[in-house]
Number of protein chains: 2
Amino acid sequence: MKIDEVNWKILKMLQENARIALKDLAKEVGLSSPTVAERIQKLEDADVINSYQTKINLDKLGYSLGVYITIKIRFGQTQRFEEYITTVPEISECHKLTGRDCMLLRGVVRDPKHLEELNIRLAVYGELTTSLILNSIIDGKIYSGHF
Amino acid sequence: MKIDEVNWKILKMLQENARIALKDLAKEVGLSSPTVAERIQKLEDADVINSYQTKINLDKLGYSLGVYITIKIRFGQTQRFEEYITTVPEISECHKLTGRDCMLLRGVVRDPKHLEELNIRLAVYGELTTSLILNSIIDGKIYSGHF
DNA sequence: GCTGAAAAGTCCTATAT
DNA sequence: ATATAGGACTTTTCAGC
């Protein structure tokens, strides 16, 4: 899949606002709407565009503490943990990493009490290390070219 | 801001597909399009809806290695690091955390050589610990109610 | 706060270059 | 591979409940 300057511009604008009208995209890149629609279709078909997501502000709904948790899974519990973790509403990311503390979780909780309660639920599967997010300097970057 | 069952359903569908047509949303929740448009507007005004993003598959563009890097910032370098990190194209997230290794970065690189090159650029600011993402069990969760 | 209908705007398809 | 134009569809506005 070839990403020329025009496609990068389209990708950049779609990353900034997934609900932008084709017409406005077309005007910005200097092509007609059907052409832009076709380019987007090809980017979708090539799976370069993965999905159009709406990001919601959970802290506006009372979930004001963001946390990262690493967990060193107890021997033999990996499969059960992976099944369980997809059912935990507080957890928005779960990555298996290289290294000793093999799982990295991102979650969101209302308050310290809620965090402790979450930790208790997770501690069944391994040893936890919990860190609060004090501040996010970057969270969700827009890619606008090769690097 | 009150999130009733209908608003949760709207939020859920928008999270799954930010480009869904109002008409289809309206049909799904059993209201008219203008009503749904008004509800979405209010969710945007209340900043519950943060943004509509297009997620792109960087590995389709040759960036196939995802990494997490923790960095223990050298004394006095925090400000300079925070300025620098926003200019690094490989880094998509940067969070300041509680605990010893105070910064957590997420990034994407083409190959191990590219990773080493990134590490060298970052090592100026502190001690690094780099982990590869082997597998993402959850990455970008859809919230569909309170928990 | 919701509906329904009409106006405004956007998108799609076909045709042409 | 891109542009234009008409018809179809979607969104928005507004009067009324």
Are [X] and [Y] connected in the hydrophobic side-chain network, where two residues link if heavy atoms are under 4.5 Å apart?
| X | Y | value |
| --- | --- | --- |
| M1(B) | I40(B) | yes |
| L97(B) | Y63(A) | no |
| L22(A) | L11(A) | yes |

How about L104(A) and Y68(B): do any of their side-chain heavy atoms sit closer than 4.5 Å?
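Yes, at least one pair of side-chain atoms sits under 4.5 Å.
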Do E28(A) and V36(A) make a side-chain contact, defined as non-hydrogen atoms from C-beta onward lying under 4.5 Å apart?
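No, their side chains stay 4.5 Å or more apart.
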Please determine if R19(B) forms a cation-pi arrangement with Y52(A), meaning its NZ or CZ atom is less than 6.0 Å from the six-membered ring centre and no more than 45° off the ring axis.
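Yes, R19(B) and Y52(A) form such a contact.
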Would you say dT3(C) has OP1 or OP2 under 4.0 Å from some side-chain N or O of S32(B)?
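So the side-chain polar atoms of S32(B) do come within 4.0 Å of the phosphate oxygens OP1 or OP2 of dT3(C), strictly under.
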May I ask you to evaluate whether R39(A) reaches the phosphate of dT2(D), defined as a side-chain N or O under 4.0 Å from OP1 or OP2?
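Answer is yes, contact under 4.0 Å.
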Partner set under salt bridge (charged side-chain N to carboxylate O under 4.0 Å, His left out) for K12(A), not counting sequence neighbours
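In terms of salt bridge (charged side-chain N to carboxylate O under 4.0 Å, His left out), with neighbours along the sequence ignored, K12(A) is linked to E16(A).
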Let me test you: for the helix from dG1(C)-dC17(D) to dT17(C)-dA1(D), what is the angle between the axes at its two ends (five pairs each), rounded to 10 degrees?
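Between the first-five-pair axis and the last-five-pair axis there is 30°.
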What is the distance, rounded to the nearest whole Å, between atom [atom1] of [X] and atom [atom2] of [N]?
| X | N | atom1 | atom2 | answer |
| --- | --- | --- | --- | --- |
| D4(B) | dC2(C) | CG | C1' | 13 Å |
| I40(B) | dG1(C) | CD1 | P | 14 Å |
| E38(A) | dT2(D) | CD | C1' | 9 Å |

Residue pair H114(B), E116(B): steps toward the side chain to side chain donor-acceptor pair (under 3.5 Å) verdict
CA-CA 5 Å; H114(B) 187 184; E116(B) 199 202 349; over 6 Å; no
Within the 4.0 Å limit for protein heavy atoms, which parts of nucleotides 11-17 of chain C are touched? Write it as a string from 5' to 3', B for base, S for sugar-phosphate only, - for none.
SSB----
